[in-house]
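In what follows, a single structure is set out as structure tokens and then discussed.
Residues take their numbers from the sequence shown, with the count starting at 1.
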Amino acid sequence: MIRNNSAMDRVVERPKGVRGRRAWIWMGVGVVCLILASMAYPSIRRWAQSEASVALSDVRVGTVIRGDLVRDVSVQGNVVAAFRPTLVSPARGVIRLEVVAGQFAEGGQVLARVASPEIESRLRQERSTLSSLRSEVERQRILSEQTRLQGRQDIRLAEVELEAGQRALERAERIRQEGLLNAVELERAQDAVKVSSLELELARQRLDLQTETLDFELRQRRSEVERQRLVVEDLERQVDELAIRAPVSSLVSRIEVADRGSVVQGQEVMTVVDLSAFEIEVAVPESYTQNLGPGTEASILFDGEEYRGLLESLSPEVRGSRVQGIVSFVGEAPEGLKQNQRLSTRLLLETRGDTLKVPRGSFLESGGGRQAYVLDDGLAVLRPIEVGALSVSEVEILGGLELGDRIILSDISRFEGAERLLLRR
């Protein structure tokens, strides 16, 4: 009877090489785990120190640099023609349009005509009156010549009579000396000379008075003619203005009346724009106007390029917390501008040299300009900062940051004031 199989068993010794191989495997696994743990320790430590996490790709990061900061204000501007008059009807009547909206017109070209029978009738009447007055002047001139001629004739006859009387007096005196003529006849000859002399003097005075009177009458008639000529010229000007002309080479922007429609004096007819000179009409926030004035430099962005400009004027009136201003181009304006086209414009307030600055971002408004997240070895640490001047694209840093620091420029309000953020890559 076989009680067990102990008699059949034999001891087998384990090979020494196998035991050493397993030890090395476990040792290698331990080393790998140790290396992985050392590599993961910084991340684990950052994770343990952080209060929240954010993907690095979800935030915008900027670097603190040193350089010049241009303090400016960005405004939206509309392109407007520097010369854009609105033409009005010169009189009441019926208008006939010669152009359509969008048509180009040369300077002096007739754009519309107003038919005004009232003004044209007055012009014919006043021309007739002017012709009549000119006839009166001519008649007065002829009358003056006739009167002067009659006066000169009377003077000449008086001179002849005086000469005859003087010769008669000389004969009477010789005969009296010979005793052949009595005293009465001599005195009669003397009286005749005196009378002739007096008549000559009166004839000369009468001619002078008549000449002065005739000259006055003639000047009066000529004055009436001149006054009437001015009336006719004014009416001719009004008739000529019934043809509405383009003041300069321009584009007809819009037409306010219908063709063959009735218009009254002063009614708007059409607007034309001079396409050779453009300006930028800007709306500046009221808070910036204290630092602005005529002559302030501007930068105008058009078609990817910047053009220099100057602030020409600034309205004294505030509308909707904004002030209207006009910016003109320095030099030639770029080609391709269109009326009412919107352009981005920067008004340059001042330039600060050698300052610490970072790109402008939403962190400024969301953090109140008093704090920012600074990147530090995979973490974003909230740090108090102090900002100075602001521009459209940059912010001056007065304290809290150093040259080369990198900060989060995006909105930081979503982090709810967390002291440390873990940045996931």
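In this structure the side chain of Glu98 reaches within 4.5 angstrom of the side chain of Arg113, judged on heavy atoms. Between Leu343 and Ile280 there is a side-chain heavy-atom pair separated by less than 4.5 Å. Side chains of Ile300 and Pro334 form no contact here, defined as non-hydrogen atoms less than 4.5 Å apart. Two residues are said to be in side-chain contact when any heavy atoms from C-beta on lie closer than 4.5 Å; Arg66 and Lys357 fail this criterion. Two residues are said to be in side-chain contact when any heavy atoms from C-beta on lie closer than 4.5 Å; Leu364 and Val387 meet this criterion. Proximity of Val100 to Val252: side-chain heavy atoms (C-beta onward) are nowhere separated by under 4.5 Å. Contact check for Leu143 versus Glu217: no side-chain heavy atoms found under the 4.5 Å cut-off. Contact of the Thr296 side chain with the Leu310 side chain is not registered, since no non-hydrogen atoms from C-beta on lie closer than 4.5 Å.
In this structure, CG in Asp240 is found 12.5 Å from CD in Glu233, a value given to the nearest 0.5 Å. To the nearest 0.5 Å, the span separating OG on Ser128 from CZ on Arg124 amounts to 11.5 Å. Going from atom CD1 of Ile407 over to atom CZ of Arg60 covers 9.5 Å, rounded to the nearest 0.5 Å. Note that CD of Gln267 and OG of Ser262 are 9.0 Å apart. Values are rounded to the nearest 0.5 Å. Here CZ of Arg152 is found 7.0 Å from CG of Leu207. Values are rounded to the nearest 0.5 Å. Atom CD1 of Ile244 and atom CE of Met270 lie 6.0 Å apart (nearest 0.5 Å).
Taking the charged nitrogens against the carboxylate oxygens, Asp234 and Arg237 do have a contact shorter than 4.0 Å, which makes a salt bridge. Ion pairing of Arg122 with Glu120 is absent here, as no side-chain N (NZ or NE/NH1/NH2) approaches a carboxylate O to less than 4.0 Å. Between Asp376 and Arg420, none of the side-chain N atoms (NZ, or NE/NH1/NH2) sits under 4.0 Å from a carboxylate O, so this pair counts as no salt bridge. Salt bridge Arg360/Glu394: absent, no basic N to carboxylate O contact under 4.0 Å. The pair Glu256-Arg254 counts as a salt bridge, with a side-chain nitrogen and a carboxylate oxygen less than 4.0 angstrom apart. A salt bridge does not link Glu286 with Arg322: every distance from a Lys NZ or Arg NE/NH1/NH2 to an Asp or Glu carboxylate oxygen is 4.0 Å or more. Ion pairing of Arg204 with Glu159 is present here, as a side-chain N (NZ or NE/NH1/NH2) and a carboxylate O approach within less than 4.0 Å. A salt bridge does not link Glu138 with Arg221: every distance from a Lys NZ or Arg NE/NH1/NH2 to an Asp or Glu carboxylate oxygen is 4.0 Å or more. Between Arg352 and Glu396 there is a salt bridge, with a side-chain nitrogen of the basic residue lying less than 4.0 Å from a carboxylate oxygen of the acidic one. Comment: Arg222 does not engage Glu224 in a salt bridge, judged by the lack of any side-chain N to carboxylate O separation of less than 4.0 angstrom.
For the pair Ile326 and Glu279, the tightest heavy-atom approach, listed with the atom from each and the gap, is CG2-OE1, 3.3 Å. Taking every heavy atom of both residues into account, Arg245 and Leu87 meet most closely at O-CD1, 3.9 Å. A pairwise comparison of heavy atoms in Leu314 and Leu311 identifies CD1-CD2, 4.3 Å as the closest pair. When all heavy atoms are compared, the tightest approach of Ala298 to Leu347 is CB-CD2, 3.8 Å. Between Pro85 and Pro247, the shortest heavy-atom contact is CG-CG, 4.0 Å. When all heavy atoms of Ile119 and Val239 are compared, the pair lying nearest together is CG2-CG2, 3.7 Å.
The backbone N or O of Ala192 lies less than 3.5 Å from a partner atom in the side chain of Ser196, making a donor-acceptor pair. Panel note: side chain Arg383, backbone Gly400; a donor-acceptor pair is recorded below 3.5 Å. Under the 3.5 Å distance criterion, the side-chain polar atoms of Thr355 are matched with a main-chain donor or acceptor of Gly67. Without hydrogens or angle criteria, Asp68 side chain to Asp354 main chain gives a donor-acceptor distance under 3.5 Å. Judged purely by atom type and a 3.5 angstrom limit, Thr213 uses its side chain to pair as donor or acceptor with the backbone of Leu209. Side chain of Thr129 to backbone of Gln125: a donor-acceptor contact under 3.5 angstrom is found. Under the 3.5 Å distance criterion, the side-chain polar atoms of Ser313 are left unmatched by any main-chain donor or acceptor of Gly325. With hydrogens and angles ignored, the 3.5 Å screen pairs no side-chain donor or acceptor of Ser131 with any backbone N or O of Arg127. Listed for the Ser250 side chain is a donor-acceptor partner under 3.5 Å among the backbone atoms of Val248. The closest donor-acceptor contact from the side chain of Ser89 to the backbone of Gly266 lies at 3.5 Å or more, if one exists at all.
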Check against salt bridge (Lys or Arg N to Asp or Glu O under 4.0 Å), Arg148 and Asp208: CA-CA 9 Å; Arg148 287 191 181 91; Asp208 291 339; over 6 Å; no
Criterion side-chain hydrogen bond (donor to acceptor under 3.5 Å, both in side chains) on Ser328 and Glu312, from CA distance to verdict: CA-CA 6 Å; Ser328 62; Glu312 291 289 342; 2.5 Å; yes
Verdict with supporting geometry, Val61 and Leu409, side-chain contact (heavy atoms from CB on, under 4.5 Å): CA-CA 5 Å; Val61 178; Leu409 304 178; 5.9 Å; no
Trace of the side-chain contact (heavy atoms from CB on, under 4.5 Å) decision for Glu281 with Gln324: CA-CA 7 Å; Glu281 192 176 70; Gln324 295 294 326; 3.8 Å; yes
Step-by-step side-chain contact (heavy atoms from CB on, under 4.5 Å) determination, Leu162 to Gln166: CA-CA 6 Å; Leu162 178 60; Gln166 288 174 347; 3.8 Å; yes
Intermediate values then yes/no, side-chain contact (heavy atoms from CB on, under 4.5 Å), Val257 and Leu97: CA-CA 9 Å; Val257 297; Leu97 300 177; 4.2 Å; yes
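Of the listed residues (Ile408, Thr63, Asp405), just one forms a side-chain contact (heavy atoms from CB on, under 4.5 Å) with Leu375, and that residue is Ile408.
Between the side chains of Thr271 and Thr86, at least one donor N or O sits under 3.5 Å from an acceptor N or O. Using a 3.5 Å distance cut-off with no hydrogens or angles, the side chains of Asp411 and Ser366 do pair a donor with an acceptor. Using modelled atom types and a 3.5 Å distance limit, the side chains of Glu306 and Ser299 yield a donor-acceptor pair.
Surrounding CZ of Arg308 are at most 12 heavy atoms belonging to other residues, nucleotides or ligands under 6.0 Å away. Heavy-atom neighbours of Gln205 CD from other residues, nucleotides or ligands within 6.0 Å: above the threshold of 12. Environment of CZ in Arg92: sparse, with no more than 12 heavy atoms of neighbouring residues, nucleotides or ligands closer than 6.0 Å.
Using a 30° and 60° split on the angle between ring planes, Phe329 and Tyr307 fall in the perpendicular class, above 60°.
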